[in-house]
Protein chains: 2
Amino acid sequence: MKQTLAIDAFSALAHDTRLDIFRLLVKRGPMGTPAMEIGRLLDIKPSTLSGHLATLKRAGLVSSERQHRKIQYAPRLEAVNGLVRFLLEDCCGGDESACAGIDLPAQT
Amino acid sequence: MKQTLAIDAFSALAHDTRLDIFRLLVKRGPMGTPAMEIGRLLDIKPSTLSGHLATLKRAGLVSSERQHRKIQYAPRLEAVNGLVRFLLEDCCGGDESACAGIDLPAQT
DNA sequence: TCCTAATTTCGCGTAATTACGAAATATGAA
DNA sequence: TTCATATTTCGTAATTACGCGAAATTAGGA
């Protein structure tokens with residue numbers, strides 16, 4: 001994980017509506033949710049929604065795939081693991097015992 | 001974890017210098033690092049550093065404690081766990097099997 | 001092909017964030 | 001108390017993010 005990508009991801013999540021969108025997608029699961037339905041559930045105007053989804057996708061937090069007429073968005077949960085690993089990299093200078101109690105996600 | 005606090009935390013991390021500071025503190029470990037030393041290591045001006053540390057602290061990402069003349073800053077690793085739990089709350093609608101492969105941090 | 005639902009792009013005004021010098025403040029040591 | 005180190009506050013100017021209406025675009029279905 002590169003620092004600039006991590007910043008893009010944190011920036012994307014640092015916004016009320018985008019955080020709502022991402023958490024909704026997490027709840028909805030890996031099958032994905034159509035863009036319009038996200039907008040309907042969270043009451044977001046199409047142009048605003050489009051921008052937010054693009055931001056989330058650019059940050060690697062969601063994936064999209066067209067299914068017939070609609071574009072399904074799904075959360076990329078590996079991205080969350082990647083962020084945590086980036087944040088906790090070389091934790092406590094590598095001294096595991098000093099890091100006791102912290103859950104480091106497994107390598108993906 | 002409340003949404004506004006999560007946004008404060010993500011905003012705090014969504015900045016080059018602050019991300020550098022937090023990751024440095026993670027590497028340095030729980031004993032803490034004096035503010036001035038952070039500034040020296042990362043080449044940050046005092047007034048700029050002060051603002052960034054205040055932002056990180058407001059977001060709950062670091063703690064501070066005065067030791068003699070200096071203020072020691074340490075990372076609050078529980079905050080990272082808290083953010084991950086918040087992001088993945090009710091993952092896949094609670095269907096564990098659909099969430100396979102995701103590391104949910106233990107409750108703190 | 002033509003139509004239509006689904007999504008994106010553009011442009012605007014508004015609001016928030018940034019770095020940092022200078023000055024103020026706090027605190028421990030002598 | 002007096003001094004020096006450590007840190008914060010304040011003001012300013014430049015930059016960037018924001019929502020959303022209107023118009024453009026895309027792609028599936030008939």
Side-chain angles (χ1 to χ4, degrees), chain A residues 3-25 28 31-76, chain B residues 3-25 28 31-76:
Chain A
Q3 171 118 343
T4 55
L5 179 60
I7 288 177
D8 284 346
F10 288 129
S11 294
L13 294 171
H15 185 282
D16 231 329
T17 304
R18 284 191 300 262
L19 188 50
D20 284 341
I21 293 172
F22 185 77
R23 300 215 309 150
L24 173 68
L25 293 182
R28 288 314 218 67
M31 298 298 294
T33 304
M36 294 292 285
E37 188 170 350
I38 298 170
R40 185 176 54 75
L41 289 170
L42 298 179
D43 190 31
I44 310 170
K45 302 282 189 293
S47 65
T48 303
L49 176 63
S50 176
H52 287 321
L53 288 174
T55 299
L56 287 166
K57 191 170 180 187
R58 231 180 299 119
L61 288 165
V62 306
S63 62
S64 67
E65 188 183 357
R66 183 175 284 271
Q67 302 271 346
H68 308 289
R69 290 211 167 190
K70 307 182 175 181
I71 299 180
Q72 308 263 8
Y73 283 86
R76 299 211 329 111
Chain B
Q3 171 119 342
T4 54
L5 179 59
I7 287 177
D8 285 345
F10 288 129
S11 294
L13 294 171
H15 185 283
D16 231 329
T17 304
R18 283 192 300 262
L19 189 50
D20 284 341
I21 293 172
F22 185 76
R23 300 216 310 150
L24 173 67
L25 292 181
R28 288 313 219 68
M31 298 297 295
T33 305
M36 294 292 285
E37 188 171 351
I38 299 170
R40 184 176 55 76
L41 289 170
L42 299 179
D43 190 32
I44 310 170
K45 303 281 190 291
S47 65
T48 303
L49 176 63
S50 177
H52 286 321
L53 287 174
T55 299
L56 287 166
K57 191 169 180 188
R58 230 179 301 119
L61 288 165
V62 306
S63 62
S64 67
E65 188 182 358
R66 184 175 285 271
Q67 301 272 346
H68 307 289
R69 289 210 169 188
K70 307 180 174 180
I71 299 180
Q72 307 263 11
Y73 283 86
R76 298 210 332 110

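Just so it is clear: chains get the letters A, B, ... in the order the sequence lines come, proteins before strands, and each one is counted from 1. Because only heavy atoms are used, hydrogens play no part in the values below, and waters and symmetry mates are left out as well, while side chains stay in.
To the nearest 0.5 Å, atoms CG (A:L19) and CG (A:L24) are separated by 11.5 Å. We find the OG1-CG distance between A:T48 and A:L53 to be 11.0 Å, quoted to the nearest 0.5 Å. Here the CG-CG distance, from A:L56 to A:L13, works out to 7.0 Å after rounding to the nearest 0.5 Å. Here the CZ-CD1 distance, from A:F22 to A:I38, works out to 11.5 Å after rounding to the nearest 0.5 Å. Note: B:Q72 CD to B:L25 CG = 10.5 Å, rounded to the nearest 0.5 Å. The CE atom of B:M36 sits 11.5 Å away from atom CG of B:L41, with the distance rounded to the nearest 0.5 Å.
Regarding B:I38, its CD1 atom lies at a distance of 9 Å from the P atom of D:dT7, rounded to whole Å. One interatomic measurement links the two molecules: CD of A:Q72 to C1' of C:dA5, which rounds to 15 Å at whole-angstrom precision. Spacing between atom CD1 of B:I7 and atom P of C:dT17 amounts to 12 Å, rounded to whole angstrom units. Per the geometry, CG belonging to A:L49 stands 15 Å off C1' belonging to D:dC18, to the nearest Å. Straight-line distance from the CZ atom of A:F10 to the C1' atom of C:dT17: 19 Å, rounded to whole Å. Atom CD of A:E65 is separated from atom P of D:dA27 by 14 Å (rounded to the nearest Å). Put simply, CD1 on A:I21 is 13 Å from P on C:dT7, counting in whole angstrom units. When rounded to the nearest whole Å, the span between CG of B:D16 and P of D:dT16 equals 13 Å.
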Response to the item:
Each base of DNA chain C marked ( ) or [ ] if paired in-strand (Watson-Crick or G-U under 3.5 Å), | if paired to another strand and . if unpaired gives ||||||||||||.|||||||||||||||||

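Contact check for B:L49 versus B:I21: side-chain heavy atoms found under the 4.5 Å cut-off. The shortest distance between side-chain heavy atoms of A:L42 and A:T17 does not fall below 4.5 Å.
Shown here for A:A59 and A:L5, the closest heavy-atom pair between the two residues is O-CD1, 3.7 Å.
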Please enumerate all protein N or O atoms sitting under 3.5 Å from an N or O of nucleotides 28-30 of chain D, with distances to 0.1 Å.
residue : atom : partner : partner atom : Å
D:dG28  : N2   : A:R69   : NH2          : 3.2
D:dG28  : N3   : A:R69   : NH2          : 3.4

Practice prompt. Go along nucleotides 19-24 of chain D 5' to 3' and tag each nucleotide: B for a protein heavy atom under 4.0 Å from its base, S when only backbone or sugar atoms are that close, - otherwise.
Written response: SBBB--

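In this structure, B:L53 reaches neither bases nor backbone, as no heavy-atom distance under 4.0 Å exists between it and the strands shown.
The aromatic rings of B:H15 and B:H52 are tilted relative to each other, their planes meeting at an angle between 30° and 60°.
Counting only heavy atoms from C-beta on, B:K70 has its side chain closest to D:dT7 among C:dT7, D:dT8, D:dT7.
In this structure, B:R28 pairs ionically with B:E37, as a charged nitrogen and a carboxylate oxygen lie closer than 4.0 Å.
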